[in-house]
Participant: 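What follows is a single structure, and I will ask about it in a moment.
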Amino acid sequence: MPTRSQTLAKASTLRMMFEGQGAAVVEPPILQPAETLLDLYGEDIRARAYVTSDALRGEQMLRPDYTLPVVQMHMAHGADPARYTYAGEVFRRQESDPARANEFIQVGYEVFDRTDPAAADAEVFALIAEALRGLPVSAVTGDIGILMAAVAGLDTTRRRKDALMRHIWRPRRFRALLDRFAGKTPVPPARAALLAGHASSDAPLIGLRSETEIADRIAALHEDAEAAPLSAGQVELIQSLLDIREVMPYALSQLRDLAVDLPAIGGAVDRVAARATALAARGVDTDALMFEASFGRVSMEYYDGFVFGFRADRRPDLPAIASGGRYDALTRRLGQGGEIPAVGGVMRPGLMLELEAGQ
């Protein structure tokens with residue numbers, strides 16, 4: 001295992017590579033306000049982060065990653081365009097795998113540039129691929145935006161689309177909702193009783209919801225019960241999309257075939273094609289580059305477009321050696337009315353050294 005000093009030296013070298021591309025060095029505080037993270041991800045984030053508090057600042061979290069504070073900093077007073085790099089510790093709680101690190105060094109590169117999103121995607125990916133050259137790793141790419149576009153194009157209610165959108169990053173829950181909306185699973189007994197009007201109306205109010213909020217929720221359940229089920233054809237198209245796992249040229253061919261029957265994804269497929277062209281212009285062998293339509297659905301929920309990762313070929317026990325993606329929607333949420341296309345990626349210098357030693 002590499003020592004901390006070795007890892008920090010490697011991190012410094014990687015950061016200087018990004019500085020050479022014109023990136024400004026940033027170092028957000030290790031303690032981050034918990035409120036923003038909770039607003040974005042809900043209580044789920046508590047299972048992944050260390051939370052503390054004090055009387056003056058309220059709840060704080062040890063930095064779970066760099067992207068969120070970098071976006072906040074940029075949207076407050078950043079230039080347009082801008083590039084940033086950083087190197088330092090991040091902290092992740094590990095509740096099921098004691099072998100995985102709960103504190104590690106991360107090096108990253110973030111690009112805020114509205115000129116040519118496809119070229120920015122290719123820039124980030126190609127620079128990280130170059131830094132990993134010679135290591136036994138394989139790249140995989142995807143695009144969350146295609147699935148989001150497919151959901152937006154479904155022939156169903158706005159509430160159902162919103163529910164599916166919220167659970168794109170939870171594959172099992174997403175599939176369960178898809179099956180329920182298609183009428184493949186029975187209505188839970190408690191919900192059936194509520195819809196039939198058999199639920200008790202004299203129970204005391206417990207919790208934070210008001211009577212009005214409860215009534216609105218019941219009305220929403222009635223609306224959902226009266227909605228027509230999703231067609232089997234649309235469900236099959238979504239599943240066909242999620243099953244795509246091919247090298248880029250074949251994946252694009254399959255995506256274009258699906259777009260004939262699912263025209264809502266046409267724009268997203270065009271963006272994948274433009275990115276492939278930009279990657280090739282950067283020297284990436286796109287004929288051998290894997291594309292998985294489901295890739296990225298269990299990572300941080302701010303990605304809404306291009307996603308990528310580099311996996312160790314002979315070490316399936318290791319997390320991704322590098323990963324990243326596009327997060328345009330995050331800049332809208334944190335920009336107080338402003339927005340800018342943004343993409344970034346991170347590397348784990350400690351894991352890189354471990355792979356080098358293994359060779």
Side-chain angles (χ1 to χ4, degrees), residues 1-2 6-7 10-18 21 23 64-67 85-88 90 92 97 99-101 104-111 118-144 169 244-248 251 272 275-276 278-300 302-303 305-327 342-359:
M1 295 288 291
Q6 289 171 329
T7 302
K10 180 71 171 179
S12 179
T13 299
L14 294 169
R15 191 186 66 191
M16 285 191 291
M17 177 191 74
F18 294 130
Q21 299 296 314
D65 80 343
Y66 273 90
T67 300
T85 186
Y86 46 81
V90 295
R92 305 278 178 83
D97 187 353
R100 298 189 74 168
F104 53 88
I105 305 296
Q106 192 178 76
V107 180
Y109 181 57
E110 313 286 341
V111 175
D121 289 348
E123 175 187 339
V124 172
F125 180 91
L127 285 172
I128 290 177
E130 179 61 29
L132 297 172
R133 186 184 296 275
L135 292 179
V137 297
S138 297
V140 59
T141 64
D143 195 314
I144 299 292
W169 295 270
I244 292 178
R245 187 178 183 276
E246 291 281 359
V247 291
M248 186 66 75
V272 175
R275 184 183 307 124
L279 286 166
R282 282 268 180 175
V284 177
D285 182 6
T286 54
D287 287 345
L289 182 62
M290 285 298 301
F291 180 94
E292 297 179 9
S294 285
F295 184 73
R297 292 181 64 205
V298 293
S299 47
M300 281 295 209
Y302 45 66
Y303 292 136
F306 177 48
V307 286
F308 66 87
F310 288 82
R311 301 161 171 164
D313 294 334
R314 296 185 293 275
R315 292 290 305 276
D317 58 305
L318 294 180
I321 310 304
S323 61
R326 177 160 290 279
Y327 47 89
V343 61
V346 296
M347 293 180 288
R348 298 273 297 266
L351 297 181
M352 293 170 66
L353 290 172
E354 194 173 334
L355 292 181
E356 289 174 8
Q359 289 180 307

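Positions are given from 1 along the sequence.
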Participant: Do Phe125 and Phe310 have ring centres separated by under 6.0 Å?
Facilitator: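 Close enough - the centres of the two rings lie under 6.0 Å apart.
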Participant: Is the backbone N or O of Pro64 less than 3.5 Å from a side-chain atom of Arg92, with the two atoms forming a donor-acceptor pair by type?
Facilitator: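 A pair under 3.5 Å: yes.
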Participant: Within a strict 4.5 Å, meaning less than it, do heavy atoms of the Phe306 and Val124 side chains meet?
Facilitator: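 No, too far: nothing below the 4.5 Å cut-off.
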Participant: Side chains of Glu130 and Met17, heavy atoms from C-beta outward: is any pair under 4.5 Å?
Facilitator: no
Participant: State, with a plain yes or no, whether a side-chain heavy atom of Val346 is found less than 4.5 Å away from one of Val90.
Facilitator: no
Participant: Using every non-hydrogen atom in the two residues, find where Gly142 and Arg275 come nearest and quote the distance to one decimal.
Facilitator: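 It is O-NH1, 4.3 Å.
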Participant: If you look at every heavy atom in Ala11 and Ile105, which pair is closest and at what distance?
Facilitator: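 What the structure gives for the nearest pair is CB-CG2, 3.8 Å.
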Participant: If every non-hydrogen atom of Asp287 is compared with every non-hydrogen atom of Val247, which pair is closest and at what distance?
Facilitator: O-CB, 3.4 Å
Participant: How long is the gap from CG on Leu353 to CE on Met1, to the nearest 0.5 Å?
Facilitator: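 Output value for this atom pair is 10.0 Å.
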Participant: If you round to the nearest 0.5 Å, how far is CE of Met352 from CD1 of Ile321?
Facilitator: 8.5 Å
Participant: Can you measure from CZ (Phe295) to CG (Asp143) and round to the nearest 0.5 angstrom?
Facilitator: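 It is 12.0 Å, given to the nearest 0.5 Å.
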Participant: Quick one: closest heavy-atom pair of Ala139 and Met290, and the distance?
Facilitator: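 Heavy atoms of Ala139 and Met290 come nearest at O-CB, 3.9 Å.
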Participant: When you measure from the side chain of Ser323 to the backbone N and O of Phe308, does any donor-acceptor pair fall under 3.5 Å?
Facilitator: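 A pair under 3.5 Å: no.
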Participant: Looking at side-chain heavy atoms only, is the closest gap between Val272 and Met248 below 4.5 Å?
Facilitator: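 Heavy-atom side-chain distance check passes, below 4.5 Å.
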Participant: Heavy-atom distance under 4.5 Å between the side chains of Thr7 and Phe104, does that happen here?
Facilitator: no
Participant: Can you find a pair of side-chain heavy atoms, one from Asp65 and one from Tyr302, that are under 4.5 Å apart?
Facilitator: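 Sidechains of Tyr302 and Asp65: in contact.
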Participant: Could you tell me which non-hydrogen atom of Leu351 sits nearest to which non-hydrogen atom of Pro319, and how far apart they are?
Facilitator: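 Minimum heavy-atom contact is CD1-CG, 3.8 Å.
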Participant: Quick one: which of Phe18, Tyr109, Tyr66 gives a ring pair (Phe, Tyr, Trp, His ring centres under 6.0 Å) with Tyr86?
Facilitator: Tyr66
Participant: Looking at side-chain heavy atoms only, is the closest gap between Val284 and Leu289 below 4.5 Å?
Facilitator: yes
Participant: Is the shortest side-chain heavy-atom distance between Arg348 and Leu318 below 4.5 Å?
Facilitator: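 In short, these two side chains do not touch, never coming nearer than 4.5 Å.
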Participant: Grab the two heavy atoms, one from Ala251 and one from Glu246, that are nearest each other, plus how far apart they are.
Facilitator: N-CB, 3.7 Å
Participant: Measure the OG1-CG distance between Thr85 and Leu14 for me, rounded to the nearest 0.5 Å.
Facilitator: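 Between Thr85 OG1 and Leu14 CG, I get 8.5 Å after rounding to 0.5 Å.
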